[in-house]
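Just below is one structure, and these are the notes that go with it.
Chain letters run A, B, ... following the sequence lines, proteins first and then strands; every chain starts at 1.
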There are 2 protein chains.
Amino acid sequence: MTVNETMTDAAESDPLQRLGFLLARHGAVANSRVHHAFETCGLAARQGTTLMLLGTSGSMGQQALAAALEVDPSVLVGILNGLESAGLVERRRDAADRRRHIVAITDEGRCLLAKAQDAVAEVEQGLFADLSPEEITALRGLLAKVRTTPGDPVCTEQ
Amino acid sequence: MTVNETMTDAAESDPLQRLGFLLARHGAVANSRVHHAFETCGLAARQGTTLMLLGTSGSMGQQALAAALEVDPSVLVGILNGLESAGLVERRRDAADRRRHIVAITDEGRCLLAKAQDAVAEVEQGLFADLSPEEITALRGLLAKVRTTPGDPVCTEQ
DNA sequence: TATTGTTATACTCTATAACTATA
DNA sequence: TATAGTTATAGAGTATAACAATA
């Protein structure tokens with residue numbers, strides 16, 4: 001049996017059982033759940049992701065932040081405006097290059113981040129409750145083998 | 001090691017390595033690729049999915065179609081208008097209940113559907129080229145164990 | 001009165017390009 | 001002239017609710 005047959009056989013009965021569709025659908029649900037977890041903390045999805053990034057890096061330039069979030073720099077402005085007016089992050093001028101803004105997470109931001117991470121962890125436990133630790137490791141490994149190069153266009157439309 | 005530790009340990013270094021995020025991201029890429037495959041056939045993503053559904057069922061009422069596509073009936077109108085004006089599907093009044101429209105795929109629709117399915121299969125071969133048939137089966141099985149109940153809210157925002 | 005499909009309105013999101021301030 | 005960030009505009013997509021036809 002070839003790889004192609006493995007993927008198409010199961011699709012004979014229902015085209016939406018195709019592996020590509022399955023991955024897209026389960027990914028959308030996972031996204032939706034994480035989205036909702038952030039919202040319970042009063043954060044928009046990408047605001048939450050931004051806090052997570054800043055939580056490990058401490059501070060980043062807006063350029064790097066936009067690249068990591070895969071959003072246009074002009075979109076990042078809106079995300080940061082919300083976070084900054086809530087006192088969760090700070091924009092500081094880079095002394096070495098006064099064009100740049102260094103975005104840093106505040107103590108208040110770290111406090112909320114902790115809650116957000118708990119909420120996301122809870123969502124994951126709900127999503128993967130029926131998988132054993134071994135299966136979770138296996139899923140992680142298999143996802144890593146899916147050919148999705150970092151620079152890939154990621155469209156979230158349905 | 002508990003399930004929770006399995007999921008959080010890998011996230012210590014990079015929060016975007018969390019399994020929930022990974023699944024969301026790979027799903028988004030898969031979605032994007034399928035999206036693009038349909039577009040090469042001149043179909044919007046949900047138009048393609050609609051054709052796939054009609055390809056196996058032959059014909060469906062708009063209510064059932066909207067439910068299967070998880071879109072509002074008013075959104076389905078736009079999708080079907082495009083497909084019908086292109087001659088790919090037909091709307092017929094249900095003789096038994098003249099309020100209902102039965103949507104049926106045309107011969108022309110089946111012809112384009114075949115091409116679209118080839119394009120999607122090609123996308124899948126690209127995505128899963130590094131996975132053996134056994135791994136593909138394993139991935140399918142693991143995804144099936146992810147707790148995503150059918151009626152789940154699926155949000156595709158990033 | 002309830003239901004099927006349709007239309008209309010307002011709202012959100014995004015992409016593009018112009019703008020400013022610095023280099 | 002080029003770059004970092006910001007703002008403004010227009011377009012697409014969506015959700016909500018009103019609507020006509022039929023039950």
Completion exercise
B:Leu76 atom CG is separated from D:dG13 atom C1', nearest whole Å, by 15 Å
Handout entry: A:Arg99 vs B:Arg100, nearer the 5' end of DNA chain C by closest nucleotide
Key = B:Arg100
Exercise for the section: Could you tell me whether the side chain of A:Ser85 and the main chain of A:Asn81 form a donor-acceptor pair under 3.5 Å? Expected result: yes
Fill in the blank from the handout: When rounded to the nearest 0.5 Å, the distance separating CG of B:Leu69 from CE of B:Met60 is 7.5 Å
Practice task
Tell me which of A:Asp72 and A:Arg93 sits closer to the 5' end of DNA chain C, going by the nucleotide each one is nearest to.
Solution key: A:Asp72
Exercise for the section: Go through the steps for A:Glu122 and A:Arg33 under the test salt bridge (Lys or Arg N to Asp or Glu O under 4.0 Å), then give the verdict. Expected result: CA-CA 10 Å; A:Glu122 200 173 325; A:Arg33 299 281 183 85; over 6 Å; no
Exercise for the section: Identify whether any heavy atom of A:Asp97 sits under 4.0 Å from a base atom; if not, whether one sits that close to sugar-phosphate; answer base, sugar-phosphate or nothing. Expected result: sugar-phosphate
Handout entry: Length of the CD-C1' vector between B:Glu70 and D:dT14, whole Å
Key = 15 Å
Fill in the blank from the handout: A:Arg46 CZ to C:dT12 P, in whole Å, measures 14 Å
Completion exercise
Taken to the nearest whole Å, NE2/A:His101 to P/D:dT7 is 10 Å
Practice task
Would you name the heavy atoms of B:Val103 and B:Leu54 that are closest together and state the gap between them?
Solution key: O-CD2, 3.6 Å
Practice task
Report the residue (A:Ser74 or B:Ser74) whose heavy-atom-nearest nucleotide on DNA chain D is the more 5′ of the two.
Solution key: A:Ser74
Exercise for the section: Quickly work out the B:Ile79 CD1 to D:dA12 P distance and round it to whole Å. Expected result: 17 Å
Exercise for the section: Using a heavy-atom cut-off of under 4.0 Å over every strand shown, decide if A:Arg91 touches base, sugar-phosphate, or nothing. Expected result: sugar-phosphate
Handout entry: Between P of C:dT14 and CG of A:Leu69, the distance in whole Å
Key = 12 Å
Exercise for the section: Take atom CD of B:Gln63 and atom C1' of C:dG5, then tell me their distance rounded to the nearest Å. Expected result: 8 Å
Practice task
Calculate the interatomic distance between B:Asp94 atom CG and C:dT4 atom P; express it in whole Å.
Solution key: 11 Å
